[in-house]
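Okay, structure first, notes after.
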Amino acid sequence: MSGQSGDSVTLVLLHGLGANCHVWDGVAELLGAGGTAVLAPDFRGHGAAPWSGHYSFGAMAADVAEVLQRDYGGRPYAVVGHSMGGAVGLALASGWFGPPPTQVATVGVKLRWSDEELSRVDGLAARPPRMFEDRDGAVEWFMKLSGLFGVFAPDDPRLAATIDAGVVADPASGAVGADSPWRTTQDPATVGVGPPDMTGLLPAAKCPLAMALGEFDPLVAPDHHDDLADAATNPHAAGAAAPHVFSGLGHNAMVEDPRAVAAWLATLPAFAETS
C-alpha cells in the first residue's frame, strides 16, 4: 500500500482485478505533485496484501474505509478506480462503509457479462495458483491477468514496479533459489467477485459519479453505458450513462497515458480542487 500526506483531501486510487497499486504510479505522481495526499492500496489477495477467505466488492470497500479512517483521520476523500476498483469506488459512494467520498471516477468498468463468462467465474475462482518454472512465465501470466499483455513489453520500465509486485517465488513450495517455482501474487479466488451490481450501486450513490473508458478497451464500449440509463436516474449517477472516452487508449488507460487520465480527472470538481 503506498501513500503520501499533504493536502486536506485524500485522493484514493484503486486498481483492477489481477493488478496492484503500482498501475497508478504515473497518475499518482502527477496528482500528488503539489503535495496532495494520495492513497493507492493493494486490495486483499493482490500485490503485497494478504490473501483472504472472502472476496467481495463490499469487503474491499470496507478495507479501504478502514485505512482512510485509521491513517487519514476520516478526512474528505475522492476516489478513482480502474475496472474492479471502479466498482469498489461505487460501493464506497453508497456510504455503507462510512462517509462517502466527495466524488467517484471510474475507468474501464466492465458492464456486460455473457452467460459463458458468468458460468466460468466459480470454476476459475476455485483453481489453485498456477505455478511456473521461472519468473518469465509468471510475468507473462500476470500481464494476461491484469490486461497488460500485448500492450506493453515485459521489460518496459513503466511496468517494473507493477511486475515486481505482481509475481513472487512461491514461499509455500519450500524450494530455494533457482529451484523455486514462481506464481502471481493474486489469489485466484479473487475472480469470485464476479460482476458488479450496477443497478444497485448507481441508485445508492451519495456523491457525484463520473465514468470513463479507453476507445479500444476490449471489455467495455460507450454503448454499454446505455444499459445504465434507468439506474442513472439518481442525480449523482447521471454521468454514468455518458462516459468520457480516452482517444486511442485501451483497458489500462492510466498506465498507457497517465497524463490523459490526470487531465480528465482535473475536469472533475473534487479532483480539480487538488490540482
Side-chain angles (χ1 to χ4, degrees), residues 1-6 9-33 36-52 55-57 59-72 77-92 97 101 104-109 138-139 141-149 151-152 154 156-168 183-191 193 251-259 261-262 265 271 274:
M1 181 176 295
S2 62
Q4 54 185 310
S5 60
V9 176
T10 302
L11 301 185
V12 181
L13 315 181
L14 304 178
H15 67 78
L17 183 69
N20 56 66
C21 66
H22 293 289
V23 294
W24 284 108
D25 282 355
V27 173
E29 182 177 355
L30 294 168
L31 296 180
T36 297
V38 178
L39 168 65
D42 282 328
F43 286 129
R44 56 174 65 192
H46 292 80
W51 290 14
S52 169
Y55 296 104
S56 68
F57 298 115
M60 293 176 183
D63 291 342
V64 175
E66 180 182 356
V67 173
L68 286 166
Q69 182 61 43
R70 183 188 68 221
D71 298 342
Y72 292 80
Y77 68 103
V79 175
V80 55
H82 174 244
S83 199
M84 180 187 73
V88 175
L90 295 177
L92 289 166
F97 305 94
V104 170
T106 73
V107 178
V109 174
V139 167
W141 184 236
F142 166 74
M143 292 182 69
K144 290 179 178 178
L145 293 173
S146 58
L148 295 165
F149 186 78
V151 182
F152 294 93
D156 190 308
R158 291 172 292 180
L159 290 188
T162 303
I163 289 176
D164 284 345
V167 300
V168 65
R183 62 167 173 81
T184 68
T185 54
Q186 178 197 4
D187 182 351
T190 56
V191 176
V193 298
H251 185 59
N252 282 277
M254 69 288 176
V255 184
E256 297 169 48
D257 192 343
R259 290 190 179 279
V261 174
L265 292 172
F271 295 91
T274 64

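Here the CZ-CZ distance, from Phe142 to Phe149, works out to 13.5 Å after rounding to the nearest 0.5 Å. Here Asp42 contributes atom CG and Gln186 contributes atom CD; the two are 11.5 Å apart, rounded to the nearest 0.5 Å.
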Candidate pair His46 and Thr190, rule side chain to side chain contact (heavy atoms under 4.5 Å, CB included), full reasoning
CA-CA 8 Å; His46 292 80; Thr190 56; 3.6 Å; yes
Using side chain to side chain contact (heavy atoms under 4.5 Å, CB included), reason through Trp24 and Val38 one step at a time and then give a plain yes or no.
CA-CA 10 Å; Trp24 284 108; Val38 178; over 6 Å; no
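Between Val151 and Met143 the shortest side-chain heavy-atom distance does not fall below 4.5 Å. Within the 4.5 Å cutoff, no side-chain heavy atoms of Val27 are placed close to those of Val80. Put simply, the side chain of Trp51 reaches to within 4.5 Å of the side chain of Pro188, judged on heavy atoms. No side-chain heavy atom of Leu31 sits under 4.5 Å from any side-chain heavy atom of Thr36. Within the 4.5 Å cutoff, the side chain of Arg259 has no heavy atoms near those of the Val261 side chain. At a threshold of 4.5 Å between non-hydrogen side-chain atoms, the residues Tyr77 and Leu39 do not count as touching. Two residues are said to be in side-chain contact when any heavy atoms from C-beta on lie closer than 4.5 Å; Met84 and Leu14 fail this criterion.
Nearest heavy atoms, Pro101 versus Ala78: CB-CA, 4.2 Å. Between Leu92 and Phe97, the shortest heavy-atom contact is CD2-CB, 4.4 Å. Residues Pro41 and His15 approach most closely at O-CD2, 3.4 Å, considering heavy atoms. Considering every non-hydrogen atom in both Ala105 and Leu265, the closest pair reads CB-CD2, 3.8 Å. Residues Gly16 and Ser83 share a closest heavy-atom pair of CA-CB, 4.2 Å. Nearest heavy-atom pair across Ala138 and Thr184 is O-CG2, 4.0 Å.
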Throw together a table of side-chain donor-acceptor distances under 3.5 angstrom for residues 159-167, partners on residues two or more places apart or in other chains.
{"from": "Thr162", "atom 1": "OG1", "to": "His22", "atom 2": "O", "distance (Å)": "3.4"}
{"from": "Asp164", "atom 1": "OD1", "to": "Arg135", "atom 2": "NH2", "distance (Å)": "2.8"}

Mind listing the side-chain donor-acceptor pairs of residues 59-67 below 3.5 Å, one per line with the distance, residues two or more places apart or on another chain?
{"from": "Asp63", "atom 1": "OD1", "to": "Arg44", "atom 2": "NH2", "distance (Å)": "3.0"}
{"from": "Asp63", "atom 1": "OD2", "to": "Arg44", "atom 2": "NE", "distance (Å)": "2.7"}
{"from": "Asp63", "atom 1": "OD2", "to": "Arg44", "atom 2": "NH2", "distance (Å)": "3.3"}

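Considering only residues two or more places apart in sequence or on other chains, Thr185 meets the side-chain hydrogen bond (donor to acceptor under 3.5 Å, both in side chains) condition with none of them.
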